[in-house]
There are 2 protein chains.
Amino acid sequence: MNLAADFKEIDTKLYRYMLKELTQKDNKCHDCKDISCAAAVLNSNQLDLVSSNSQESLFKKGEVILNEGSLTSHIIYLKAGIAKEYIKGTGEKERILRLVKKHSYLGLPSLFGDRINHYSYSALEDCKVCYIDINVFNGLVRENGNFAYEILVSTSRDSLSNINRFIHRSQKKIFGRVAEAILYFAKIIYESDEFELPFSRQEFADLIDVSRESATRVLLKFNSEGIIQIKDRSLLVVNMDLLEQISRKG
Amino acid sequence: MNLAADFKEIDTKLYRYMLKELTQKDNKCHDCKDISCAAAVLNSNQLDLVSSNSQESLFKKGEVILNEGSLTSHIIYLKAGIAKEYIKGTGEKERILRLVKKHSYLGLPSLFGDRINHYSYSALEDCKVCYIDINVFNGLVRENGNFAYEILVSTSRDSLSNINRFIHRSQKKIFGRVAEAILYFAKIIYESDEFELPFSRQEFADLIDVSRESATRVLLKFNSEGIIQIKDRSLLVVNMDLLEQISRKG
DNA sequence: TCCATGATGTGATTTAGATCACAAATATAT
DNA sequence: ATATATTTGTGATCTAAATCACATCATGGA
C-alpha cells in the first residue's frame with residue numbers, strides 16, 4: 001500500500017465530511033425534513049436568512065417550552081413531539097387549550113397581537129423546536145405575501161377550530177365532553193384508535209374543563225359499557241360510532 | 001342678464017358636479033373616511049383595484065348580513081353600525097360570539113380557513129358594509145406583505161380576545177358573567193357608562209351563555225344594589241369599580 | 001278597538017356535576 | 001427495603017343555575 005495515497009483518500013473523506021457538515025449548517029433549512037408549509041414558499045435567499053437566524057433546541061418530556069407573560073423575542077416552531085398549550089389559572093388549576101402536534105408554530109396570535117405570550121407550552125413528549133428571530137420572521141411576512149398568506153391560513157384554521165371546540169363544549173354535558181376528548185386523541189392527535197394518554201387524569205379533566213372525579217367516573221363508565229378499553233394510560237376505542245354519537249348529542 | 005352666460009354657468013356647475021360624482025365613483029376608496037387600517041397601507045393602484053371591485057350596501061336593523069354555511073365570494077367590511085356574530089345552535093337557541101363594531105372585516109378566519117362561513121352576522125343597528133371580491137382581496141394579501149401583516153394583526157387580536165373571553169367565562173359564576181357583559185358594553189362597544197342595550201334579555205343571556213331567567217335576576221339584583229340602573233333597555237353603570245371586581249373575582 | 005304574540009319578571013322545583021372525604025394503588029425518594 | 005408523596009377510584013353531600021310554570025307588560029296587526 002501507498003501511504004501517500006492512503007492519506008490522500010482519508011483527506012478526501014475528511015474534506016467531503018467537513019464540506020457536508022458546513023453545507024448542512026449553512027443550508028439547514030433547505031434540507032429540513034420538517035419544514036413548515038409556510039417556509040416551503042420562501043425563496044432560496046429567504047431560506048438562507050432563516051437558516052442563519054434560527055437555532056434548534058431540544059426539550060425533555062415535561063419541560064416548559066414557553067411561559068405565558070413573557071415577551072416574544074423568537075418565534076418557536078415545533079419540529080417534533082407533542083406539546084400542550086395551556087394557561088395557569090388562579091391557584092393550582094390550569095386550563096389546557098389544546099395539544100400542538102409537530103410542524104406548527106407556537107403562539108403566532110400572541111406575536112401579531114401584542115408580542116406578549118398569552119399561553120404557556122410544555123412538552124408532553126420529547127420535543128425538538130426551532131427558534132427563529134421575530135424580526136426576521138416579520139420581515140418575511142412583509143416581504144413575501146405568499147408566506148404571509150400561508151401564515152394567515154394556519155392561524156385562521158387554528159382560530160376556527162379553537163372557537164369551535166369552545167362553543168360546542170359549552171353546550172355539552174359531561175359524557176359528550178369526555179367522548180369529544182377521546183375522539184380528539186384518536187382522530188386528530190394520534191390518528192389511531194389505540195394510544196397512550198400523554199398525561200394524568202387531572203390533565204385530561206383540565207382539557208375538557210370538568211372535575212378530575214367526574215372525568216374518571218365517565219371514563220370508567222365507557223369502559224364498563226364496552227365503548228372503550230382503558231387500563232392506566234393506555235386506551236383503545238372499541239365503538240367509534242357510538243362515541244361519535246355521544247360526542248355529537250352532548 | 002345674459003342668458004347665454006347663465007347657461008354657461010349652469011353648464012359649468014353641472015359639469016363640475018358630474019365630474020365630482022364620477023371621480024368619487026372611481027376613487028371611492030381613496031376618499032373613504034372609514035377605510036380599514038389594512039387598506040391604508042395599499043398603494044394608489046391597489047386602491048383603484050379595490051375601488052373597481054367593491055360595492056357598498058346597506059342593512060336595516062335586524063337584517064341578516066351573512067349566513068353561516070354559505071360560501072365566501074366576497075369579503076365584507078363593516079363601514080358603519082354594529083353587528084352581532086353568532087351561530088345558530090340546535091333548535092331556537094343561538095350562541096352570540098361577540099359584537100362587531102364598524103371598521104372591521106366580517107369572517108376573515110372563515111375566508112382563509114376553508115372559504116365556508118362559520119358564523120352568521122346580523123345588524124343590531126342600521127349598518128353600512130362594503131363587499132370586496134375575494135380574489136382581489138387574496139391577490140392583495142399575496143402582493144402586498146404590509147397589507148397581509150395588518151390583516152394578520154387584526155385576525156390575531158380577534159382570536160386572542162375571543163379565546164380570552166371563552167376561557168375566563170368558563171371559570172366564572174353567573175354574577176361574574178353578567179358583570180363582564182355589562183363591562184363589555186360600557187368599555188368596548190359603546191365606550192360610555194350609559195347606553196342602550198341593543199337587544200333583548202334573551203340575547204343578552206345568549207351572549208354570556210346563561211338562561212334568560214338567570215340573567216334577568218342578576219341584572220335586577222345589580223339594579224337593586226345600586227351597582228347599575230336599568231330600565232327596559234337603557235342601562236347606566238353607577239359603580240364601575242365594584243362591577244370590575246365582580247367580573248374579576250367571578 | 002281588541003286580540004294575538006312576544007318580551008319580561010318571579011317563585012318553586014329539579015338536577016348535573018362540583019366538592020368533600022377517604023381508600024387503594026403507584027411512583028419516588030431516603 | 002421503607003417511608004413519603006402522588007395518582008387514581010368511589011361513595012356521600014351540596015349547590016348553582018337550569019328548567020318549569022305562570023303573571024304581567026308591551027307591541028303590532030286586523
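Each chain gets a letter, A, B and so on, in the order its sequence line appears, and its residues count up from 1. Reckoned from all heavy atoms, side chains included, excluding hydrogens, waters and symmetry mates.
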*Where does the angle between the aromatic ring planes of B:F185 and B:Y190 fall among parallel (under 30°), tilted (30 to 60°) and perpendicular (over 60°)?*
parallel

*Ignoring backbone atoms, test whether B:R217 places a side-chain nitrogen or oxygen under 4.0 Å from the OP1 or OP2 oxygen of C:dT8.*
no

*asked:* On the nucleotide D:dT8, are OP1 or OP2 found under 4.0 Å from the side-chain N or O atoms that A:T216 carries?
replied: no

*Looking at A:F204, does the NZ or CZ of A:R201 lie under 6.0 angstrom from its six-membered ring centre and within 45 degrees of the ring axis?*
no

*asked:* Using a 4.0 Å heavy-atom cut-off, does B:R177 contact any base of the nucleic acid, only the sugar-phosphate backbone, or nothing at all?
replied: nothing

*asked:* If the threshold is 4.0 Å, N to carboxylate O, is there a salt bridge linking A:K60 and A:E125?
replied: no

*Does A:D114 pair with B:R157 as a salt bridge, N-O distance under 4.0 Å?*
no

N/O-N/O pairs, protein side and nucleotides 15-17 of chain D side, under 3.5 Å:
{"unit_1": "D:dA17", "atom_1": "OP1", "unit_2": "B:I174", "atom_2": "N", "d": "2.8"}

*side chain to side chain donor-acceptor pair (under 3.5 Å) between A:E85 and A:Y121, intermediate numbers included*: CA-CA 5 Å; A:E85 182 176 272; A:Y121 296 86; 2.6 Å; yes

*Specify the closest pair of heavy atoms between A:E203 and A:K84, including all atoms of both residues, with the distance to one decimal.*
OE2-NZ, 2.6 Å

_Within the 4.0 Å limit for protein heavy atoms, which parts of nucleotides 21-26 of chain C are touched? Write it as a string from 5' to 3', B for base, S for sugar-phosphate only, - for none._
------

*Hey, would you say the B:F137 and B:Y105 ring centroids sit under 6.0 Å apart?*
yes

